[in-house]
Amino acid sequence: MFHSSIGGVGENSISQHSKRKCVRLSLTRNKRPLRTTRRNVKSVAEASESESYKWPPRTFNAKKGEKFVFQYGEGLRIEEVPEGTRIIYPGVRKDETRDVTEWRRMIKHAINNPVGDQEPLREKLKKLKATKSNPKVPLRVTASEESGYRRLFDAFRQLIPYDVAQILFAFDDVSLPLPPMQSPDIRAVIMEVCEEMCMEEGIKPSSLEFVCSIALHRFIRPDEFRHVCGKKLYSKYFPTGRMRNYNAVDEYDSVHFGYTRHGEDVMVCKSMAESDLMIYVNVNYVAMDGGYKSYATGMVHYKSLRHNHDVNTLRNTRSLYDPKNSRMHKSFERIGKMIQQRCDIFHIETVLDDNLFPFYLSWIQLPLPMMDVVKRLLAWVTVLSLKIVPLVVRKWIFWSPITWGPFGLKQVMAGETVAVHERTLEANYKYKVVDVQGQCDILIVAPSCIGPYTKDTYMNPLLVNTYALGYYYNMYVDGTPLLRPGGVMIVVSEMHYEWSSPQHDNYRQLFEEVIAPHGGLDEFEEYQEKFATSEQLNDNYRQGLSPAGVHGFYMYTWAAHGMDMISKVYAAGADRFTWAKDSKMGGI
């Protein structure tokens with residue numbers, strides 16, 4: 001029997017790295033040094049001695065009585081683990097630059113030296129300006145008068161430009177990075193640099209639009225626009241209505257391009273379809289995101305998303321973090337290629353470092369045995385303090401600016417989508433994929449409330465399932481999950497029955513009306529259209545109060561692969577009293 005492998009904030013930073021740290025399994029049982037993915041020379045031990053890590057990867061075999069830190073929803077716990085438990089700590093890469101001047105230099109270099117079949121951004125803007133601006137209007141004059149009138153008209157044209165080039169900036173929403181990035185957000189800096197270039201080339205502000213690639217997620221709020229886009233662009237474009245969310249539910253905001261060879265609807269944001277150039281700004285720290293997924297998910301209608309967020313697709317997706325083995329990503333690719341044929345897309349992707357927390361919270365990224373005295377003291381004080389703080393205060397603490405990350409910028413690439421994303425994946429995987437010998441029988445995971453769908457809201461049972469059996473189970477590459485088929489997962493979670501309203505009204509309705517009485521996935525999708533067309537739930541989406549009505553279905557299907565492969569799931573630390581009192585399921 002293999003030792004159980006444990007995951008949590010203290011052990012392998014999995015809670016805060018929930019979509020950052022993938023696990024690659026090595027099934028050989030020799031004593032040779034393991035090798036990190038995409039490295040053919042150095043062993044893990046050798047890499048640990050290099051300057052690539054702030055804290056190198058380590059594997060612990062727990063001693064008797066040894067304790068580790070666990071994420072616990074909106075809290076933390078320090079608990080003893082069984083002797084011999086294997087703890088995989090993937091390490092933390094070295095910090096990259098936080099200097100905004102250096103960021104701007106890196107961005108300018110990327111947009112001036114694009115990869116793939118794309119011209120530099122400035123050249124594209126010049127050509128657009130030449131093609132679309134200042135049209136030559138024919139003059140009804142005699143030949144003898146033409147010369148004088150033409151000189152007068154040419155001078156007049158300089159005063160009254162006829163700029164009709166439409167530039168669209170599309171950008172990732174606040175579901176990443178996690179925790180949110182300290183100001184300035186890298187997306188704001190990228191868009192400021194590109195917007196300045198547009199102004200330098202004579203593109204007028206009235207020809208620019210900024211659209212959040214939100215799909216079915218909750219619309220981002222004005223304060224979130226100000227953070228993600230920066231105060232400068234926000235004050236210039238938001239008041240005029242040129243900075244907005246894409247509505248992926250109502251058809252008025254979309255254009256149907258047709259169908260892929262697999263019959264998938266390609267229905268895209270109207271602003272993207274009508275633009276002369278779309279500049280897509282992606283913030284990336286995980287292999288699941290970026291590439292075609294950026295706009296083939298965030299900028300498409302529900303009718304497109306239903307083809308790749310369904311039960312069958314997710315059941316056959318062999319890791320969300322390994323695009324080449326993901327059926328979901330293959331659908332994104334088909335839809336994205338069709339969009340790319342119709343739209344001119346200048347794609348910009350970034351890779352961030354692992355500097356997730358301010359210096360006073362940096363201990364969270366270390367296992368307890370690796371902490372010094374000061375960090376251990378901070379850990380114990382924090383854990384004990386969170387036990388006595390009310391849930392509403394704990395929620396605020398975890399999402400307040402005091403936890404926001406001082407992320408550094410590792411890489412910026414720009415150009416054609418596929419060429420850019422290949423380089424992003426290479427940088428994302430480097431020193432970030434950890435070899436593990438042998439699958440385990442019992443996998444312990446500790447989901448954090450700092451997740452893509454819990455921003456400013458309570459953790460709820462549906463999202464515990466999404467994070468644990470969806471994101472965490474799928475945290476592997478090269479085809480072999482950390483937990484063997486039929487294995488057991490232990491989820492460290494309070495599992496309180498709290499549903500933020502109205503943000504998670506659709507999640508609760510789905511949980512109580514469909515999941516609780518029907519359980520598994522086989523009959524699940526029969527109820528999807530009811531939620532997808534619910535005006536009450538979609539009105540909340542339109543008002544920016546919650547995700548779209550159907551979004552809860554995709555939270556459940558996200559865990560489909562894990563649900564099929566895991567025999568049992570236990571909740572450690574669950575509040576049984578709360579469930580027995582409030583849950584229509586009558587307890588667990």
Side-chain angles (χ1 to χ4, degrees), residues 18-24 37-38 116 170 172-173 175-176 213 215-217 248 257 259-268 280 282-341 345 347 349-351 413 416-429 432-433 452 466 469-481 553-555 557-562 564-565:
S18 60
K19 296 186 293 179
R20 298 173 61 92
K21 296 293 183 181
C22 295
V23 176
R24 180 188 178 195
T37 296
R38 298 182 181 272
D172 290 344
D173 74 338
S175 62
L176 69 164
S213 179
L216 302 175
H217 292 183
F257 277 176
Y259 302 89
T260 69
R261 66 181 186 276
H262 286 244
E264 298 145 321
D265 294 81
V266 182
M267 194 168 181
V268 307
Y280 196 96
N282 162 262
V283 55
N284 198 299
Y285 72 154
V286 53
M288 183 183 74
D289 297 323
Y292 284 128
K293 183 179 183 294
S294 295
Y295 49 85
T297 299
M299 297 291 280
V300 299
H301 190 269
Y302 156 69
K303 289 185 177 179
S304 293
L305 292 168
R306 64 184 177 179
H307 294 289
N308 44 51
H309 284 63
D310 61 299
V311 171
N312 183 56
T313 299
L314 270 300
R315 272 178 159 166
N316 291 281
T317 289
R318 296 298 179 258
S319 178
L320 300 168
Y321 300 87
D322 193 4
K324 68 180 182 297
N325 290 315
S326 166
R327 182 174 291 188
M328 179 180 68
H329 282 82
K330 287 180 172 60
S331 176
F332 295 153
E333 182 178 350
R334 291 189 294 269
I335 293 172
K337 283 182 176 179
M338 193 164 175
I339 294 173
Q340 203 174 32
Q341 291 170 2
I345 300 169
H347 204 106
E349 291 192 349
T350 65
V351 178
M413 300 299 297
E416 189 273 328
T417 299
V418 174
V420 167
H421 196 54
E422 285 176 352
R423 290 158 176 81
T424 299
L425 286 176
E426 184 176 352
N428 238 333
Y429 283 137
K432 213 169 180 181
V433 179
T466 303
L469 280 75
Y471 285 112
Y472 289 11
Y473 176 80
N474 280 281
M475 206 172 292
Y476 65 91
V477 296
D478 287 354
T480 309
F553 276 79
Y554 302 151
M555 294 299 89
T557 58
W558 214 242
H561 179 39
D564 278 351
M565 302 302 291

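When reading the values below, keep in mind they use all heavy atoms of this one structure, side chains included, and skip hydrogens, waters and symmetry mates.
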Fill in: salt_bridge(Asp478, Lys324) N-O dist < 4.0 Å
yes
Discussion item. In the structure I gave you, are the side-chain heavy atoms of Tyr292 and Thr417 within less than 4.5 Å of one another anywhere?
Written reply: yes
Worksheet item: Atom CG in Asn428, atom CG in Asp289: separation rounded to 0.5 Å?
Response: 9.0 Å
Worksheet item: If only atom types and distance count, is the side chain of His301 paired as donor or acceptor with the main-chain N or O of Lys303 below 3.5 Å?
Response: yes
Worksheet item: Is there a donor-acceptor contact under 3.5 Å from the side chain of Ser331 to the main chain of Asn308?
Response: no
Worksheet item: Can you tell if the side chain of Asp310 reaches within under 4.5 Å of the side chain of Thr557, non-hydrogen atoms only?
Response: no
Worksheet item: Are Met299 and Val268 close enough, and set up right, to give a side chain to side chain contact (heavy atoms under 4.5 Å, CB included), and what steps lead you there?
Response: CA-CA 6 Å; Met299 297 291 280; Val268 307; 5.9 Å; no
Response to the item:
Heavy-atom nearest pair, Ser294 first then Gly290, reads OG-CA, 3.4 Å
Worksheet item: Checking His329 side chain against Met288 main chain: does a donor-acceptor pair fall under 3.5 Å?
Response: yes
Worksheet item: Can you find a pair of side-chain heavy atoms, one from Tyr259 and one from Asp265, that are under 4.5 Å apart?
Response: yes
Response to the item:
Exactly one candidate in His309, His307, His217 meets ring pair (Phe, Tyr, Trp, His ring centres under 6.0 Å) with Tyr554; the answer is His309
Fill in: Tyr280 and Ser213 side chains, donor-acceptor separation under 3.5 Å
yes
Response to the item:
Here the gap from Trp558 atom CH2 to Thr317 atom OG1, rounded to the nearest 0.5 Å, amounts to 8.0 Å
Worksheet item: Hey, is the main chain of Tyr476 close enough, under 3.5 Å, to the side chain of Ser319 for a donor-acceptor pair?
Response: yes
Response to the item:
Separation between CG (Asn282) and NE2 (His347), nearest 0.5 Å, reads 5.0 Å
Discussion item. Looking at every heavy atom in both Ala296 and Gly336, which two are closest together, and how far apart are they?
Written reply: CB-N, 3.9 Å
Discussion item. Can you confirm whether more than 12 heavy atoms, excluding those of Lys330, are under 6.0 Å from its NZ atom?
Written reply: yes
Fill in: Tyr429 and Asp322, any side-chain heavy atoms less than 4.5 Å apart
yes
Fill in: Asp172: which of Thr350, Asn284, Val283 passes side chain to side chain contact (heavy atoms under 4.5 Å, CB included)
Val283
Discussion item. Could you report the tightest heavy-atom contact between Ala427 and Val351, atom names first, then the distance?
Written reply: CB-CG2, 4.0 Å
Worksheet item: Looking at Ala215 and Ala248, what are the two nearest heavy atoms and their distance?
Response: O-CB, 3.5 Å
Discussion item. Please report the interatomic distance CZ(Arg327) to CG(Leu314), rounded to the nearest 0.5 Å.
Written reply: 10.5 Å
Discussion item. Within the structure provided, determine whether Thr260 and Lys337 are in side-chain contact (heavy-atom separation under 4.5 Å).
Written reply: no
Worksheet item: Quick one: does Val477's side chain get under 4.5 Å of Asn325's, heavy atoms only?
Response: no
Worksheet entry | Validation row: Gln340, Tyr295 side chains within 4.5 angstrom (heavy atoms) | yes
Discussion item. Is the shortest side-chain heavy-atom distance between Val300 and Ile339 below 4.5 Å?
Written reply: yes
Worksheet entry | Rounded distance [0.5 Å steps], CZ in Arg318 versus CE in Met565 | 6.5 Å
